[in-house]
Amino acid sequence: MSDLYGARVVLRPAVPEDVPALAAIRATPEVRARWRGEDDLAGEVAADLEDPATHCLSVRHEDRIVGMIQWYAEDEPDYRHAGIDLFLDPSVHGRGLGTDAVRTLARHLVDDRGFHRLVIDPAADNAAAIRCYEKAGFRPVGVMRQYERGADGSWHDGLLMDLLASELVR
């Protein structure tokens, strides 16, 4: 896979040399609260990069890594779709880079990979992420009750959002 160019970001296939920067971003309190992780975040990021079912791309802005976006495919023909996950360095939150990254990857998945439907599943209380995804064209489908266990052991709701190819905001 080659680099994908958005309006302000470049999505580049993540490589082992990206792990320290990605692990440092995952370690920030804001990202860790959503993505969690054990003590060895570098090991977890490295394992993500080695997972053949997940395609990890470093999000770059002004020649520095500012996050990671990943996608996976459901290839069963009757249910074929792709899913997206994203984290960004809190220092760049609120600047439209997340929307640009999501839109850039969505365009690739629709135009180059032929997916007709994409999904994303932010925490139901993550208003900033939900707004970001809506700007790219994702729509809420429904609340997935007690979807994810939090760091404190309690269950939290998730929001299933999807985007049909014709709804992608380009």
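Heads up: numbering here begins at 1 and tracks the sequence. Only heavy atoms go into these numbers, but all of them, side chains included; no hydrogens, no water, no symmetry mates. Since the model is a prediction, treat every value here as computed from it, not as a measurement.
Within the structure, ring-ring contact (aromatic ring centres under 6.0 Å, His included) contacts touching residues 77-104 (residues at least two apart or in different chains) are W35-F87.
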Can I get a per-line list of side-chain donor-acceptor pairs under 3.5 Å for residues 14-29, giving both atom names and the distance, sequence neighbours left out?
| residue | atom | partner | partner atom | Å |
| --- | --- | --- | --- | --- |
| D18 | OD1 | R60 | NH2 | 3.2 |
| D18 | OD2 | V15 | N | 3.2 |
| D18 | OD2 | S58 | OG | 2.7 |
| R26 | NH2 | R36 | O | 2.9 |
| R26 | NH2 | E44 | OE1 | 3.3 |
| T28 | OG1 | I25 | O | 2.7 |

Decide yes or no on side-chain contact (heavy atoms from CB on, under 4.5 Å) for D48 and T54, but give the supporting numbers first. CA-CA 7 Å; D48 286 345; T54 305; 5.7 Å; no
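Using a cutoff of 4.0 Å between basic side-chain nitrogens and carboxylate oxygens, R170 and D111 are scored as salt-bridged. In summary, R139 and E167 engage in a salt bridge, as defined by a charged side-chain N under 4.0 Å from a carboxylate O. With respect to the salt-bridge test (charged N to carboxylate O, under 4.0 angstrom), the residues D3 and R12 qualify. A salt bridge is absent between R95 and D100: the closest approach of a Lys/Arg side-chain nitrogen to an acidic carboxylate oxygen does not fall below 4.0 angstrom. The existence of a salt bridge linking D162 and R117 is confirmed by a sub-4.0 Å separation between a basic side-chain nitrogen and an acidic carboxylate oxygen.
A perpendicular orientation is assigned to the rings of W71 and H108, their planes being inclined by more than 60° (bins at 30° and 60°).
Contact of the E30 side chain with the D89 side chain is not registered, since no non-hydrogen atoms from C-beta on lie closer than 4.5 Å. Here the side chains of L159 and D121 are not in contact, with every heavy-atom distance at 4.5 Å or above. L168 is listed as a side-chain neighbour of R107, based on a closest heavy-atom distance under 4.5 Å.
With I69 as reference, V102 is the one residue of V102, L4, T104 to meet the side chain to side chain contact (heavy atoms under 4.5 Å, CB included) rule.
Looking at every heavy atom in both residues, D152 comes nearest to S154 through OD1-OG, 2.7 Å.
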